[in-house]
Undergrad: 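Take this structure first; my questions come after.
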Amino acid sequence: MTIDNFNFKDKKAIVRVDFNVPLDEKGNITDDTRIRGALPTLKKILADGGSLIIMSHMGKPKGKVNPKMSLKQIVPAVSKALGVDVKFADDAANASEAAAALKPGEVLLLENLRFHPEEEGKPVGIDKEDPAYDQAKKEMKERQKEFAKKLAGYADVYVNDAFGTAHRKHASTAVIADYFDKNHKMLGYLMEKEVNAVDNILSDIKRPFTAIMGGSKVSTKIGIIENLMDKVDNLILCGGMTYTFAKAKGGNVGQSICETDKLDLALDIIRKAKEKGVNLVLGTDCVAADAFSNDANTKVCSVMDIPEGWEGLDAGPETRKLFAETIRGSKTILWNGPAGVFEFDNFTAGSRAIADAIVEATKNGAFSLVGGGDSVACINKFGLADEVSYVSTGGGALLEAIEGKVLPGIAAIKG
Ligand code: AMP
């Protein structure tokens with residue numbers, strides 16, 4: 001079933017969205033991209049004459065109630081975005097009456113699902129090494145099913161529009177789908193768009209294909225890096241990873257972020273790239289700082305020769321040129337992870353050079369996909385989000401999809 005083919009008139013729809021929006025200390029939303037992303041699905045259901053039960057997680061409360069992560073804080077913003085006074089259920093597991101009372105056009109937002117350990121389905125307060133862990137996990141899986149069944153009982157139809165959590169087999173993202181037949185579960189518009197963007201990258205690769213992987217660590221990106229090596233022509237590795245590679249090659253990286261236990265892995269990546277004929281592009285110079293601060297003193301130096309007490313926080317001018325040239329000649333581009341500590345205005349040049357080159361390549365006909373929280377924040381900071389082909393709301397989910405993994409949230413609906 002697709003959302004376009006379903007008439008929601010007089011139906012109650014329970015919709016999993018990703019309203020895990022960033023909040024400031026006062027609970028104000030600092031970036032509402034995720035709310036805006038879900039609007040087409042939510043509005044279609046209301047326009048058909050259906051009623052909505054919206055569910056989401058926020059942050060990582062680890063199965064406990066935490067008012068700082070309460071979705072109650074976003075009720076005014078969601079009400080405004082939908083043009084409807086949104087009702088709120090302060091216990092997601094106890095909302096049967098509120099759901100049953102909904103009339104067409106009405107909206108109920110459930111409290112943060114992750115206040116319940118059943119959502120993630122992981123036992124809490126017990127160590128993995130504990131002999132009782134397996135039993136606790138089994139019990140929790142049963143409780144997860146009960147929780148999912150309860151959520152399913154609120155509605156006639158289930159819609160999953162939360163791409164950001166599609167790689168998780170949680171109660172609301174996957175298990176719940178077992179309680180609806182195939183004509184009463186579907187992906188929302190945002191999900192469909194995300195899935196199509198990934199398909200675009202994977203099924204019809206126009207070459208050269210360049211992937212730019214940045215961020216802080218090699219260890220969190222190794223799966224995707226290895227997988228990409230079978231697909232890409234150019235692989236740019238930047239950001240904090242640069243220094244693990246430089247150190248592995250015998251360089252001095254000063255105080256730069258460096259995973260000393262991943263040096264062999266870095267050499268392995270270099271070797272594999274050679275074997276597979278992938279053009280691996282690593283930074284040659286960097287902007288080093290004498291403190292991890294926007295106001296630190298800076299100097300440009302080779303990534304192989306960073307003085308003691310200094311740390312590389314951004315790509316240097318030679319590197320920026322190298323990256324930009326590689327990107328400009330590409331026809332398919334994937335960007336995940338900044339090239340420097342872009343949160344500090346004085347260390348955005350590397351990421352900016354990448355973003356500008358992607359925009360230029362896109363103008364020349366390339367398909368460009370930018371994904372992952374930090375790269376999206378970065379492209380938004382530069383005001384360039386509308387000038388790339390697609391900005392994904394998924395971080396981990398996007399990377400797993402590109403790795404070719406089947407996402408549980410999608411499999412649960414499509415089978
Ligand atoms: P990740 O979550 O692994 O995608 O990493 C994103 C983070 O990496 C951002 O917050 C950046 O500030 C950080 N980052 C990028 N380059 C560096 C660097 N050279 N040193 C330290 N952190 C960095």
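Atoms within a ligand are numbered from 1 in the order they appear, just like the ligands themselves. This is a predicted model, so every value here is computed, not measured.
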Undergrad: Does ligand 1 have any atom sitting under 4.0 Å from a heavy atom of Gly312?
TA: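 So Gly312 counts as touching ligand 1.
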Undergrad: How about Leu113 and Glu120: do any of their side-chain heavy atoms sit closer than 4.5 Å?
TA: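 Counting from C-beta outward, Leu113 and Glu120 never come under 4.5 Å.
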Undergrad: Give the numbers and elements of all ligand 1 atoms closer than 4.0 Å to a heavy atom of Tyr243.
TA: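 Taking each heavy atom of Tyr243 in turn, ligand 1 has 19 (N) under 4.0 Å.
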Undergrad: Under 4.0 Å from any heavy atom of Ile257, which atoms of ligand 1 are there?
TA: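 So the answer, numbered in order with elements, is 20 (N), 21 (C).
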Undergrad: What closest approach, in Å, do Gly340 and Ser351 show between heavy atoms, and which atom pair accounts for it?
TA: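 Smallest heavy-atom distance, with atoms named: N-OG, 3.7 Å.
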Undergrad: With sequence neighbours excluded, tell me which residues meet side-chain hydrogen bond (donor to acceptor under 3.5 Å, both in side chains) with Asp4.
TA: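 So Asp4 forms a side-chain hydrogen bond (donor to acceptor under 3.5 Å, both in side chains) with Tyr189.
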Undergrad: My understanding is that only residues two or more places apart in sequence, or in another chain, count here; which of them pass side-chain hydrogen bond (donor to acceptor under 3.5 Å, both in side chains) with Lys381?
TA: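 Once residues adjacent in sequence are excluded, the partners of Lys381 under the side-chain hydrogen bond (donor to acceptor under 3.5 Å, both in side chains) criterion are Asp345.
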Undergrad: Any nitrogen or oxygen of Lys221, main chain or side chain, under 3.5 Å from a nitrogen or oxygen of ligand 1?
TA: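 Yes, Lys221 has an N/O under 3.5 Å of an N/O on ligand 1.
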Undergrad: Does Thr220, backbone or side chain, put an N or O under 3.5 Å from an N or O of ligand 1?
TA: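 No: no nitrogen or oxygen of Thr220 is under 3.5 Å from one in ligand 1.
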Undergrad: One residue to check: Val341. Relative to ligand 1, which of side chain, backbone, both or neither has a non-hydrogen atom less than 4.0 Å away?
TA: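 Answer for Val341: both.
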Undergrad: Would you mind telling me if ligand 1 is within reach of the side chain of Glu311, the backbone, both or neither, using heavy atoms under 4.0 Å?
TA: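 The answer is neither.
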Undergrad: Regarding ligand 1, does Asp314 bring an N or O atom to under 3.5 Å of one of the ligand's N or O atoms?
TA: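 By distance alone, the answer is no.
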Undergrad: Write out the residue and atom name of the closest protein heavy atom to atom 15 (C) of ligand 1, then the distance separating them to 0.1 Å.
TA: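 For atom 15 (C) of ligand 1, the nearest protein heavy atom is Gly340 O, 3.2 Å.
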Undergrad: Does atom NZ of Lys122 have more than 12 heavy-atom neighbours, drawn from other residues, nucleotides or ligands, at distances under 6.0 Å?
TA: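 It does not: Lys122 NZ has 12 such atoms or fewer within range.
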